[in-house]
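Have a look at the structure below, then the notes.
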Amino acid sequence: MTSPPKKPDIENALLDAHFAELMGMTDEEILDGADPEKIRAEGLQLLQNARAEAGRRRLAKAKASLEAAKVVSMPAAADITPMEARHYLEQAANNPLFTMAARSLSDMSDEDVLRRYRQLRRLEQETDPNKGDEE
Amino acid sequence: MSPGERAEARIAELGITSPQELDIELIAMDACMTVVYEDLDGCEATLIGVGDRAIATIKPSPSRGRQRFSVAHELGHWLMHRGLSFRCRVDDMDLNFSSDQVKEREADTFASHLLMPTPMFYPALQSFGTPDFLDLEKMASAFDTSLLATCMRLTDINTLPVVLACYSATGLRWHKAAGDIPRRWFLHQQLDDDSFAYALLQGGRARSSLGKQS
């Protein structure tokens, strides 16, 4: 079974015609008396401005996220022992989904272990909200 | 792309053009890495990441420059070593800077370029000509970095014949030379007792200006 022939796309046809016209023009006709170096500099400036604006927007978004993160509380680790938390972290350390830079688990205090466990659970919940329901 | 180039590309992407705009917590958040400051046992900083989100825990320090470097270092790990597990930065800065572990050095280079990008650092350095320690303190203040990190960057940028060395009472701990310093030059294991460095080490008498020892 073959699909019905598509109607000609008028926008594409217009673009093709415009492109063909541009390709047929000489450099002088395209520049229309303007200085190529000036056009290049203006183009680069436009590009730089656009990049700077994109960067500013990213930082503004980061600032909003930073403010929001201040009110997020860490999930409690009341029902887990330090030993269970160590085991959980040990398993996570061997999973490529996780990134960890810390002291060796055997050298970490119980307090540090529980903090890392809470951080891990918070991140798991942020990346997969259903994860928090498993326990 | 080298770690330094990656860091500077990130700064350029964000449209940051002056040291005052180098808000490290914001730059980290842009990379989905939240920074928290909490006391840590034996570590300068730790990092934990799940998928594309991470939390860096930084040990509070009276030196803001040192804290900022730790954040930038963890960000380097987060962007370059995602999905891996490794040891944290210890809480001895000298040992951190003398670390020969590849990932640690990469993260240090990343941090150094992130906080002191060449397009900002080089012109600032040039304005001092041949900087002395007072000038370097001004640079550190402008970039909100520690004096040690600033000196490391000065060595790294390789525009002046600099050899940075760390000595303790027992001798040379580590050193770093600018790229153009001839390899055949070497440092003595012990400080000359007629040197400014010896006076600083033994008596805490710092000489801020440049000059030859008598």
Side-chain angles (χ1 to χ4, degrees), chain A residues 47-74 88-128 131, chain B residues 9-17 21-36 38-57 59 70 73-91 101 103-104 107:
Chain A
L47 194 63
Q48 273 181 356
N49 291 347
R51 277 188 182 153
E53 180 56 29
R56 274 193 289 274
R57 286 184 188 189
R58 270 172 64 177
L59 285 176
K61 194 177 161 198
K63 197 168 189 172
S65 303
L66 197 61
E67 290 303 317
K70 283 178 186 166
V71 294
V72 174
S73 59
M74 211 65 85
Y88 194 88
L89 289 170
E90 204 168 69
Q91 284 188 320
N94 295 317
N95 183 339
L97 182 67
F98 300 99
T99 307
M100 289 198 189
R103 300 183 81 190
S104 160
L105 274 171
S106 56
D107 294 340
M108 281 167 74
S109 66
D110 287 352
E111 193 187 342
D112 279 356
V113 166
L114 288 172
R115 179 199 295 113
R116 288 185 70 72
Y117 173 80
R118 285 195 300 270
Q119 290 180 338
L120 184 62
R121 299 294 293 151
R122 171 181 157 182
L123 289 168
E124 281 181 329
Q125 284 169 25
E126 281 178 7
T127 49
D128 179 7
K131 190 87 181 168
Chain B
R10 197 141 196 111
I11 295 299
E13 265 174 35
L14 293 171
I16 295 172
T17 53
E21 294 173 273
L22 289 163
D23 185 330
I24 192 63
E25 278 87 4
L26 274 193
I27 297 168
M29 186 53 95
D30 172 68
C32 297
M33 186 182 97
T34 305
V35 181
V36 294
E38 284 178 27
D39 205 18
L40 290 167
D41 187 16
C43 268
E44 183 77 16
T46 65
L47 175 71
I48 191 157
V50 179
D52 64 353
R53 285 170 185 270
I55 298 173
T57 308
K59 187 174 186 171
S70 291
H73 176 98
E74 296 309 318
L75 183 59
H77 277 315
W78 177 233
L79 294 173
M80 295 186 294
H81 310 133
R82 196 169 297 186
L84 302 175
S85 291
F86 38 90
R87 300 297 290 268
C88 66
R89 275 169 85 68
V90 293
D91 54 7
Q101 291 179 22
K103 287 191 193 70
E104 291 310 300

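Here is how names work: the chains are called A, B, and so on, in the same order as the sequence lines, proteins then strands, and each is numbered from 1.
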Please classify the contact of B:L84 with chain A as side chain, backbone, both or neither, using a heavy-atom distance under 4.5 Å. backbone
A:R56 portion near chain B, given a 4.5 angstrom heavy-atom threshold: backbone
Please state whether the side chain, the backbone, both or neither of A:R51 comes within less than 4.5 Å of a heavy atom of chain B. backbone
Which of the residues A:Q48, A:K61, A:E111, A:R116 is involved in the greatest number of heavy-atom pairs with chain B at under 4.5 angstrom? A:R116
Please report the closest heavy-atom contact between B:R82 and B:G51, naming both atoms and the distance. CD-O, 3.8 Å
Would A:E126 and B:R53 pass as an ion pair if we require N to O under 4.0 Å? yes
Can you name the residues that form a salt bridge (Lys or Arg N to Asp or Glu O under 4.0 Å) with A:D110, not counting sequence neighbours? A:R86
Which one, B:T17, B:D23, B:D39, B:D52, leads in non-hydrogen pairs under 4.5 Å with chain A? B:D39
Just so I understand: if I count every heavy-atom pair under 4.5 Å between each of B:T57, B:I27, B:I16 and chain A, which residue has the most? B:T57
So, are A:E67 and A:K63 salt-bridged, with charged N and O less than 4.0 Å apart? no
N-O pairing of B:D30 and B:R10 below 4.0 Å: yes
